[in-house]
Amino acid sequence: MYKIVSKKILNSAVISMEVEAPFIARKAKAGQFIIFRVDEFGERIPLTIADFDREKGTVTIIFQLVGKSTKILGAKEPGDMILDFVGPLGQPTEIEGYKKVCVVGGGVGCAIAYPSAKALFQNGADVDIIAGFRNKDIVILEDEMKAVSNRLFLTTDDGSYGAKGFVTDQLKSLIEAGNNYDLVIAIGPVIMMKMVAAVTKPFGIKTIVSLNPIMIDGTGMCGGCRVTVGGEIRFACVHGPDFDGHKVDFDELMRRNTVYRKQELAESDHVCRLGLEVKNNG
Amino acid sequence: MANMSLKKVPMPEQDPQVRNKNFTEVSLGYTPEMAMEEATRCLNCKNKPCVAGCPVNVLIPEFIMKTAAGQFEEAFDIIKTTNCLPAVCGRVCPQESQCEEKCIRAIKGEAVGIGRLERFVADYHMEHSSAAAVPPVPNGHKAAVIGAGPAGLTCASDLALLGYKVTIFEAFHKPGGVLVYGIPEFRLPKALVQKEIDNLTALGVEIMPNMVIGKILSVDELFEDGYEAVFIGSGAGLPTFMNIEGENLLGVYSANEYLTRANLMKAYDSEYDTPIRKSKAVAVVGGGNVAMDAARTAKRLGAETVYIVYRRSEIEMPARLEEVHHAKEEGIIFKNLNNPVRLLAGDTGEVAAMECIEMDLGEPDASGRRRPIEKAGSNFILDVDTVIIAIGTSPNPLIRSTTSGLEANKWGCLVADDSMATSKPGVFAGGDAVTGAATVILAMGAGKIAAASMDAYIRSKSEQV
């Protein structure tokens, strides 16, 4: 059992929680993830580690209320317990040897982009962050991202905050303005990562994406999280979750992530029972 | 006078057409009368060939004599001296190629039903005895076991009985390894596995779930934490795929994933949230026990048609005869001497068909089995909406890649000598992590040998001091 130490509501559908997990906190690195199981009946759900405090022995997770398990977790309060919490899984983000990096986060993906930006920034790299949201109401982690970057560029689809437009527009104009990034990290919806990789490819800028396929064990055993990278099957849980964005088959990943959607929709009355207000606005 | 019947007392089973729609156990087990009758078929041979066939050397004639006399608890005590998981072994061991293969009665007629009797005695004990295990006197030493599967549980049990303070580190949220994620409920009820594990914790063994060694702690850190020897029983690992077109389509599973969803995550039970595909027609690729388990699970989850697609013939199948027999009874269709060529997508990106090619058998290959050869032009289409690939696994690199001085062979299996010692002092290994995918009982045998070696290792070190 793992105790929830603190909870912050970042927007109407995104929650941050600090969880007591001293062994994981001791080893965690940016880019790695945990898997939680909220109760005996819950699924095993992977979440990227958003932050960690080795001294306090806590790990912070930021998640969107999208499915049953995340909704049950989101309804928990400090002092409550999570049944299972395992990690740190996956390979850490490579942070050595980069001088100028652009980290691109989309929606709740900013929660995953943040620790990578922080690690790179603390390692001495120049870090620009582009953070994109649908609108002003769902902006998260603005102060945190500002604190770990040289420049933060906020975009919203509707122009209600920051620049109007997509992260890709911002990225393209920064590159064209002569910013010589030696690395771009893109984390967000699969379609956004695909578009970012398409922007950087003509410029030959190394682009790392963090993938979020469906998985169970997180140790390589089930193969459910397999993705095609450079024509080869890779397991996101052990070989990733970071991969070369210019080699990932994003269309396949998008398809694979919909595998249970039909079934979930058919069973969605289970979700309603919880009486939680949920807006799908990541 | 021994009972000279050539046949075993038949095992009561659920009717195939009933059981292929439920997840309760297929074989119902002997009654005390049946067990006593079967036990009288044992000749109590002086040289006990059966015992030599058992990887953990259960004292077979001794426990069977007690069973014949109706002294079931005494029989249980005898089994328990060498086997910490009798209710499991009685169900999933391949007795026909181990103890029962060596049985004198098998020369003419059927072997004594050793497995069935072991199961009966273990079940009888669980049902009737409430005596909790008494923790042995501590010897003041600590040992660590990585992986709570058959190898790790056996190793931990033997070490605990010697007085060691044993901690098992398990990656999953539940202990049991393949006994809980792989072997289905209808072959091995999970409540029973839990009882065996409860016996272990009653001996003082501590089980820490959610601990992926190699990630959260390294093997070297276990030594720093005061563990004097470490056993690695981390299991088989990463599923192998066929590298054919269409393998990443929706509806294509590794057997590991399919079975883990169904067994560990209980996807067949609507109370649990983990989803699994609702299928009409399923093709399972492979001919081992895992393939049989996947096929029979798919049938129970409601698939109308379930095929086993295997590239050799039934004679070469690695699955136990009993599993093949049960699968056939339950309506699984065997497409032997066929191999998948590619998987075809329907409009939605989901798998809709499997193209296969017929095979002939040629000369024996390195495995000693006849090599399958494609029959040119014999391709045909099998309409399926789900494909489960059960062609094996490769060892998990998590521990190997994070532990210096740990030697592995070219396939990635850890190298261990006859005493289960690895190339790293104080580190022992056994089970699928060493052999590649094998059986529960072989893993248990390895765990047993390792426990004895770890005891000797720790004692020799503490005597030096």
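Values reported hereafter were calculated over all heavy atoms of this structure, with side chains retained and with hydrogens, waters and symmetry mates removed. Reminder, nothing fancy here: chain letters follow the sequence lines and each chain counts from 1.
No hydrogens or angles considered: nothing links the side chains of Asn248(B) and Arg256(A) as a donor-acceptor pair under 3.5 Å.
Looking at Phe85(A), the atoms closer than 4.5 Å to chain B (heavy atoms on both sides) all sit in the backbone: N, CA, C or O. With a 4.5 angstrom heavy-atom cutoff, Leu249(B) touches chain A only via backbone atoms. Contact of Leu259(B) with chain A is not made at all, since no heavy-atom distance falls under 4.5 Å. Only the side chain of Ile214(A) comes within contact range of chain B, with heavy atoms under 4.5 Å apart. Of the atoms belonging to Asn396(B), it is side-chain heavy atoms, and not backbone ones, that fall under 4.5 Å from chain A. With a threshold of 4.5 angstrom between heavy atoms, Ile24(A) approaches chain B through its backbone and through its side chain.
Nearest approach of Gly220(A) to Pro239(B), heavy atoms of both residues: O-CD, 3.3 Å. Contact detail for Ile216(B) and Pro88(A): the closest heavy-atom pair is CA-CD, 4.0 Å. Residues Arg277(B) and Tyr260(A) come closest through the heavy atom pair N-CE2, 3.9 Å.
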Worked check of side-chain contact (heavy atoms from CB on, under 4.5 Å) between Arg44(A) and His173(B) | CA-CA 10 Å; Arg44(A) 289 172 64 96; His173(B) 52 261; 2.9 Å; yes
Given side-chain contact (heavy atoms from CB on, under 4.5 Å), test Met215(A) with Glu257(B) step by step and report yes or no.
-> CA-CA 9 Å; Met215(A) 62 176 72; Glu257(B) 180 181 1; over 6 Å; no
Using the side-chain contact (heavy atoms from CB on, under 4.5 Å) rule, take Leu238(B) and Met221(A) through it: C-alpha gap first, then chi angles, then the decisive distance, then the call.
-> CA-CA 5 Å; Leu238(B) 282 57; Met221(A) 205 204 77; over 6 Å; no
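In this structure, the side chains of Glu232(A) and Asn243(B) stay at 4.5 Å or more apart for every pair of heavy atoms. Between Asn210(B) and Tyr2(A), the closest side-chain pair of non-hydrogen atoms falls below 4.5 Å. The closest side-chain heavy-atom distance from Leu89(A) to Val212(B) is below 4.5 Å. In this structure, the side chains of Leu217(B) and Arg26(A) come closer than 4.5 Å at one or more pairs of heavy atoms.
If you tally non-hydrogen atom pairs under 4.5 Å between each of Lys266(B), Glu247(B), Arg261(B) and chain A, the highest count goes to Arg261(B). Taking chain A as the reference chain and counting heavy-atom pairs below 4.5 Å, the highest number among Gly237(B), Gly349(B), Ala255(B) is found for Gly237(B). Contacts with chain A were tallied for Tyr272(B), Phe241(B), Tyr181(B); Tyr272(B) has the most, counting heavy-atom pairs under 4.5 Å.
With respect to the salt-bridge test (charged N to carboxylate O, under 4.0 angstrom), the residues Glu40(A) and Lys174(B) qualify. Between Glu221(B) and Lys27(A), at least one side-chain nitrogen of the basic residue sits less than 4.0 Å from a carboxylate oxygen of the acidic one, meeting the salt-bridge criterion.
Remark: side-chain polar atoms of Lys215(B) are paired, donor with acceptor, to backbone N or O of Gly90(A) under 3.5 angstrom. In this structure, the side chain of Ser254(B) engages the main chain of Cys222(A) through a donor-acceptor pair within 3.5 Å.
Here OG1 of Thr258(A) is found 5.0 Å from CG of Leu250(B). Values are rounded to the nearest 0.5 Å. Between the CZ atom in Phe172(B) and the CD1 atom in Ile35(A) there is a gap of 8.5 Å [rounded to 0.5 Å].
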